[in-house]
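Here the structure comes first, spelled out in C-alpha coordinates, and everything after it is commentary.
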Amino acid sequence: QVQLVESGGGLVQAGGSLRLSCAASGRTFSNNAMGWFRQAPGKEREFVGFISGSGGSVYYGDSVKGRFTISRDNAKNTVYLQMNSLKPEDTAVYYCAWYSGTDDYNRPDGYRYWGQGTQVTVSS
(Lines give C-alpha, C1' and ligand atoms only; values in the text may rest on other atoms or scores of the structure.)
Protein backbone atom coordinates (compact mmCIF):
# COMPACT_ATOMS: atom_id res chain seq x y z
CA GLN A 1 0.00 0.00 0.00
CA VAL A 2 1.19 3.51 -0.84
CA GLN A 3 0.01 6.76 0.66
CA LEU A 4 0.38 9.96 -1.31
CA VAL A 5 -0.30 13.40 0.14
CA GLU A 6 -0.27 16.52 -2.03
CA SER A 7 0.18 20.03 -0.71
CA GLY A 8 0.90 23.51 -1.99
CA GLY A 9 -2.26 24.34 -3.87
CA GLY A 10 -4.04 27.65 -3.54
CA LEU A 11 -5.26 30.77 -5.25
CA VAL A 12 -2.88 32.69 -7.51
CA GLN A 13 -3.20 35.41 -10.12
CA ALA A 14 -2.55 34.71 -13.78
CA GLY A 15 1.16 34.84 -14.50
CA GLY A 16 2.04 33.71 -11.01
CA SER A 17 3.69 30.56 -9.72
CA LEU A 18 2.99 27.72 -7.32
CA ARG A 19 4.94 24.66 -6.25
CA LEU A 20 3.07 21.51 -5.42
CA SER A 21 4.56 18.74 -3.34
CA CYS A 22 3.61 15.09 -3.09
CA ALA A 23 4.92 13.09 -0.15
CA ALA A 24 4.93 9.31 -0.49
CA SER A 25 5.05 6.60 2.13
CA GLY A 26 4.49 2.90 2.37
CA ARG A 27 6.82 1.53 -0.29
CA THR A 28 10.23 2.13 -1.80
CA PHE A 29 9.94 5.49 -3.50
CA SER A 30 13.20 5.83 -5.37
CA ASN A 31 12.52 2.89 -7.66
CA ASN A 32 9.16 4.07 -8.82
CA ALA A 33 8.05 6.51 -11.47
CA MET A 34 5.47 9.13 -10.55
CA GLY A 35 2.97 11.22 -12.43
CA TRP A 36 0.94 14.38 -12.06
CA PHE A 37 -2.57 14.77 -13.42
CA ARG A 38 -5.23 17.42 -13.10
CA GLN A 39 -8.99 17.50 -13.37
CA ALA A 40 -11.18 20.53 -13.90
CA PRO A 41 -14.94 20.46 -13.22
CA GLY A 42 -16.81 18.62 -15.95
CA LYS A 43 -13.62 17.49 -17.69
CA GLU A 44 -11.64 14.28 -17.87
CA ARG A 45 -8.48 13.79 -15.88
CA GLU A 46 -5.60 15.29 -17.87
CA PHE A 47 -1.96 14.22 -17.94
CA VAL A 48 0.39 16.90 -16.66
CA GLY A 49 3.74 15.17 -16.33
CA PHE A 50 5.78 12.07 -15.53
CA ILE A 51 9.12 11.48 -13.87
CA SER A 52 11.08 8.24 -13.75
CA GLY A 53 12.35 6.74 -10.50
CA SER A 54 15.81 8.23 -10.93
CA GLY A 55 14.49 11.53 -12.25
CA GLY A 56 16.42 11.04 -15.45
CA SER A 57 13.36 10.88 -17.68
CA VAL A 58 10.68 13.54 -17.56
CA TYR A 59 7.71 14.07 -19.88
CA TYR A 60 5.04 16.74 -19.97
CA GLY A 61 1.59 17.24 -21.36
CA ASP A 62 1.40 19.61 -24.30
CA SER A 63 -0.61 22.21 -22.41
CA VAL A 64 2.08 22.69 -19.73
CA LYS A 65 5.34 22.25 -21.64
CA GLY A 66 7.74 25.09 -21.03
CA ARG A 67 5.82 26.32 -17.97
CA PHE A 68 5.78 23.39 -15.54
CA THR A 69 8.72 21.43 -14.16
CA ILE A 70 8.65 18.11 -12.35
CA SER A 71 11.41 17.08 -9.98
CA ARG A 72 11.88 14.65 -7.13
CA ASP A 73 13.93 14.25 -3.98
CA ASN A 74 14.24 10.55 -3.27
CA ALA A 75 15.85 11.17 0.10
CA LYS A 76 12.65 12.94 1.14
CA ASN A 77 10.25 10.61 -0.69
CA THR A 78 8.77 13.65 -2.38
CA VAL A 79 7.96 14.69 -5.93
CA TYR A 80 7.39 18.32 -6.90
CA LEU A 81 5.51 20.21 -9.57
CA GLN A 82 6.77 23.74 -10.13
CA MET A 83 4.15 25.71 -12.04
CA ASN A 84 5.10 29.03 -13.62
CA SER A 85 3.26 31.46 -15.88
CA LEU A 86 -0.03 30.12 -14.64
CA LYS A 87 -3.17 30.68 -16.67
CA PRO A 88 -6.85 30.58 -15.68
CA GLU A 89 -7.19 27.37 -17.70
CA ASP A 90 -4.73 25.71 -15.32
CA THR A 91 -7.43 25.83 -12.64
CA ALA A 92 -8.08 22.26 -11.50
CA VAL A 93 -7.56 19.73 -8.78
CA TYR A 94 -4.02 18.40 -9.12
CA TYR A 95 -3.20 14.80 -8.27
CA CYS A 96 0.04 12.93 -7.92
CA ALA A 97 0.02 9.23 -8.68
CA TRP A 98 2.18 6.12 -8.36
CA TYR A 99 2.99 4.59 -11.74
CA SER A 100 2.26 0.88 -11.91
CA GLY A 101 2.98 0.32 -15.60
CA THR A 102 -0.47 -1.06 -16.35
CA ASP A 103 -0.91 1.48 -19.16
CA ASP A 104 1.05 4.26 -20.83
CA TYR A 105 2.56 6.89 -18.55
CA ASN A 106 0.20 9.57 -19.87
CA ARG A 107 -2.97 7.62 -19.07
CA PRO A 108 -4.66 7.43 -15.65
CA ASP A 109 -5.03 3.65 -15.94
CA GLY A 110 -1.27 3.36 -15.74
CA TYR A 111 -1.32 4.44 -12.09
CA ARG A 112 -2.37 2.41 -9.10
CA TYR A 113 -2.24 4.81 -6.17
CA TRP A 114 -3.48 8.40 -6.09
CA GLY A 115 -3.31 11.25 -3.66
CA GLN A 116 -6.39 13.11 -2.48
CA GLY A 117 -5.66 16.08 -4.73
CA THR A 118 -4.96 19.73 -4.10
CA GLN A 119 -6.94 22.61 -5.58
CA VAL A 120 -5.20 25.16 -7.77
CA THR A 121 -7.19 28.22 -8.77
CA VAL A 122 -5.79 30.82 -11.14
CA SER A 123 -7.65 34.13 -11.32
CA SER A 124 -7.60 36.35 -14.38
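Here the shortest heavy-atom pairing between A92 and A40 reads CB-N, 3.9 Å.
Note that the CD atom of Q13 and the OG atom of S124 stand 9.5 Å from one another [nearest 0.5 Å]. Taken to the nearest 0.5 Å, the OH atom of Y95 stands 9.0 Å off from the CD atom of Q116. Note: N77 CG to T28 OG1 = 8.5 Å, rounded to the nearest 0.5 Å. How far OG of S63 is from CD of E89: 9.0 Å, rounded to the nearest 0.5 Å.
Between F37 and Y111, the gap from one ring centroid to the other is short of 6.0 Å. Between Y59 and Y105, the ring centre distance stays below 6.0 Å.
Formation of a donor-acceptor pair under 3.5 Å by the T91 side chain with backbone atoms of T121 is not found in this model. Between the side chain of R72 and the backbone N or O of S52, at least one donor-acceptor pair lies under 3.5 Å. A donor-acceptor pair under 3.5 Å links the side-chain atoms of D73 to the main chain of A75, judged by distance alone. At distances below 3.5 Å, not a single donor-acceptor pair connects side-chain atoms of N106 with backbone N or O atoms of G61. Between the side chain of Q82 and the backbone N or O of R19 there is no donor-acceptor pair closer than 3.5 Å.
Taking the salt bridge (Lys or Arg N to Asp or Glu O under 4.0 Å) definition, one finds that D109 meets it with nothing, sequence neighbours left out. Not counting sequence neighbours, the partners of S71 by the side-chain contact (heavy atoms from CB on, under 4.5 Å) test are Y80. Residues passing the salt bridge (Lys or Arg N to Asp or Glu O under 4.0 Å) test with R107 are D103, sequence neighbours excluded.
Judged as a disulfide bond (SG atoms under 2.5 Å apart), the pairs with a partner in residues 22-98 (not counting sequence neighbours) are, in order, C22-C96. Residues in residues 38-54 take part in these salt bridge (charged side-chain N to carboxylate O under 4.0 Å, His left out) pairs, two or more places apart or across chains: R38-E46, R38-D90.
Inspection of the S17 and N84 side chains reveals an N or O donor paired with an N or O acceptor under 3.5 Å.
Through direct or indirect side-chain contacts shorter than 4.5 Å among Ile, Leu, Val, Met, Phe, Trp and Tyr, V122 is connected to V2, L4, V12, L18, L20, F29, M34, W36, V48, I51, V58, Y60, V64, F68, I70, V79, L81, M83, L86, Y94, W98, Y113, V120.
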